[in-house]
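Below is one structure, written out as structure tokens, with a few remarks after it.
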Number of protein chains: 2
Amino acid sequence: MDDLSNFQWFSQKVTLSRQDICRDVYKHHRKAIKIKKEKTLVRNLMRIFDAALKISNERGFQAMTMRSLSRETGMSMGGLYAYFSGKEDLLEMLLRTGRITIKQILEEQVNQATDPESKLRSAIRAHLFLSEVMQPWFYFSYMEARRLGYAEKKKSMTAEIETEKLFARIIEEGMNRGVFVVRDSLLTASVIKAMVQDWYVKRWKYAKRKVSVDRYASFVVECVESFCLHMGDKK
Amino acid sequence: MDDLSNFQWFSQKVTLSRQDICRDVYKHHRKAIKIKKEKTLVRNLMRIFDAALKISNERGFQAMTMRSLSRETGMSMGGLYAYFSGKEDLLEMLLRTGRITIKQILEEQVNQATDPESKLRSAIRAHLFLSEVMQPWFYFSYMEARRLGYAEKKKSMTAEIETEKLFARIIEEGMNRGVFVVRDSLLTASVIKAMVQDWYVKRWKYAKRKVSVDRYASFVVECVESFCLHMGDKK
DNA sequence: GTCTATACACAGATAGAC
DNA sequence: GTCTATCTGTGTATAGAC
């Protein structure tokens, strides 16, 4: 799929799914949400999410006060509590929406390719482009996940393991078919994930060096293929 | 150097340098520290540092209250303020001690090897073993660095860039000598760093899978060499 | 050198007017 | 549906006893 070579496609997908997400949030947090008109809910919830991500990614979620959220959204503190029952609740919403979006979009991408080589390439590129479009969310989730309550922590650990398994399965398939060198597939998946994560965690670094997603993606693919195929030359 | 194959050597080094570190801390924070006896200072400062790292790595530095630090150290809140003038000050001390220890120890390791291949191997292993011994500090520094004041943030960014340049220089030397494939040396250094960081950031994952430092180090070296030398087979 | 008690600031959350 | 005003809990920091 040619669209994978840039992230426009992902960007559209993410924007379009915003309505669905809000409906889902409403379903799961009905008790807490006092807003009845869907249009108002969608508009303000998005404002709140964007503001919360912005503030949290600068100083941390715990350091984000309701007052600063009020300032950033332009809504009053009292008004904010019509959209969630408390900070914990907001956190849960934020994490949930991200997980759902990612799942929806990645599922559309899965198994578009057939051979292990192009599957691996697609998986790496898809992850990178998605994390580029939703960078604030990925960064937030990465940084805050491990300091949450037990339940949320577990969820994010499971998500991490699942992503790795996705890569590991592709690699194992390649090994079984004899196109990839036989090595520890889980460790290989881990280092791939580490490289993908570096893109959204250290974005300031790559921005400063003017490295684009496309270039980074190509580099990671080259690196992984060289390891899996033991080819040093460009393909 | 054979000692590099396990991290006992690093462990000893770190323990031995504790006294020096305290002397350095005392020098830079003289105004804030009200303790006169060196023995008391060293003992309690270490208690405080260990406790602060433990709490912060669970819930974040910002979420660590003086009350929780008091509980963890067994010291009273009033007593704690004899060792630093406030949370910000404690933070600065913590980061400083880590940077100094790392610098001292890594400098001893630099240029033990001569050819680019073994230099690269040594650099990777040294970083991994050091981060293993000082895991709480590395994790802390990684997680808290980006939400500090401007000055401290700058310092930790510089440290990150410097580490990358260390790797990049070795790789460039290898390219110039014709033993490494010519590629983007900075991007190569970045992905190496990403793999090394994954070790101390995702330690829970590797612990669960019973992957040892030694095994992880060997794997990363294999991965990097395969990319730089375009050899897929074991060396 | 270490403790207890407390000052003071600011956080999250809500009630009730509009 | 949104605002202002305010309650209550908890945070950092210090003064002064031991």
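Every chain is numbered from 1 and lettered A, B, ... according to where its sequence line falls, protein lines coming before strand lines. Source: prediction; values computed, not measured.
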Measure up the B:F10 and B:F129 rings against each other and bin them: parallel (under 30°), tilted (30 to 60°), perpendicular (over 60°). tilted

Residues pairing under salt bridge (Lys or Arg N to Asp or Glu O under 4.0 Å) where one sits in residues 30-42 of chain B, two or more places apart or in two chains, turn out to be B:R23-B:E38

Tell me which residues in residues 82-96 of chain A lie within less than 4.0 Å of DNA chain C, going by non-hydrogen atoms. A:G86, A:K87

Could you tell me the separation between the CG atom of B:D50 and the CD1 atom of B:I55, rounded to the nearest 0.5 Å? 11.0 Å

Residue whose nearest DNA chain C nucleotide is more 5′ - B:G78 or B:I35: B:I35

Give a yes or no answer on whether the side chain of A:W137 reaches the backbone of A:L53 with a donor-acceptor pair at less than 3.5 Å. no

Residues pairing under salt bridge (Lys or Arg N to Asp or Glu O under 4.0 Å) where one sits in residues 77-97 of chain A, two or more places apart or in two chains, turn out to be A:D24-A:R96

Applying salt bridge (Lys or Arg N to Asp or Glu O under 4.0 Å) as the test, list every pair that has at least one member in residues 194-207 of chain A; sequence neighbours left out. A:E132-A:R203, A:D198-A:K202, A:D198-A:K205, A:K202-B:E160, A:K205-B:E160, A:K205-B:E164

Going by ring pair (Phe, Tyr, Trp, His ring centres under 6.0 Å), name the residues that satisfy it together with B:F138, two or more places apart in sequence or in a different chain. B:Y200

Work out which heavy atom in B:K153 is nearest to a heavy atom in B:A145; give both atom names and the distance. CG-O, 3.8 Å

With a cut-off of less than 4.0 Å, is there a side-chain N or O of B:Y81 near OP1 or OP2 of D:dA13? yes

Heavy atoms within less than 4.0 Å of DNA chain C: which residues of residues 57-76 of chain A have one? Give them sorted by number. A:M64, A:T65, A:M66, A:R67

Contact list for residues 70-81 of chain B, test salt bridge (Lys or Arg N to Asp or Glu O under 4.0 Å), sequence neighbours left out: B:K54-B:E72

I'd like to check the side-chain hydrogen bond (donor to acceptor under 3.5 Å, both in side chains) partners of A:T65; sequence neighbours left out, ordered by chain and number. A:S68

Which atom of B:M64 lies closest to which atom of B:A52, heavy atoms considered: SD-CA, 3.8 Å

The ring pair (Phe, Tyr, Trp, His ring centres under 6.0 Å) partners of B:Y206 (sequence neighbours excluded) come to B:W199, B:Y216

Please identify each residue that fulfils side-chain hydrogen bond (donor to acceptor under 3.5 Å, both in side chains) with A:K165, with sequence neighbours left out. none

Between residues 40-47 of chain B and DNA chain C, which residues have a heavy-atom gap below 4.0 Å? B:T40, B:N44

Along DNA chain C, first and last positions that approach a heavy atom of chain A under 4.0 Å: C:dA11 to C:dT14

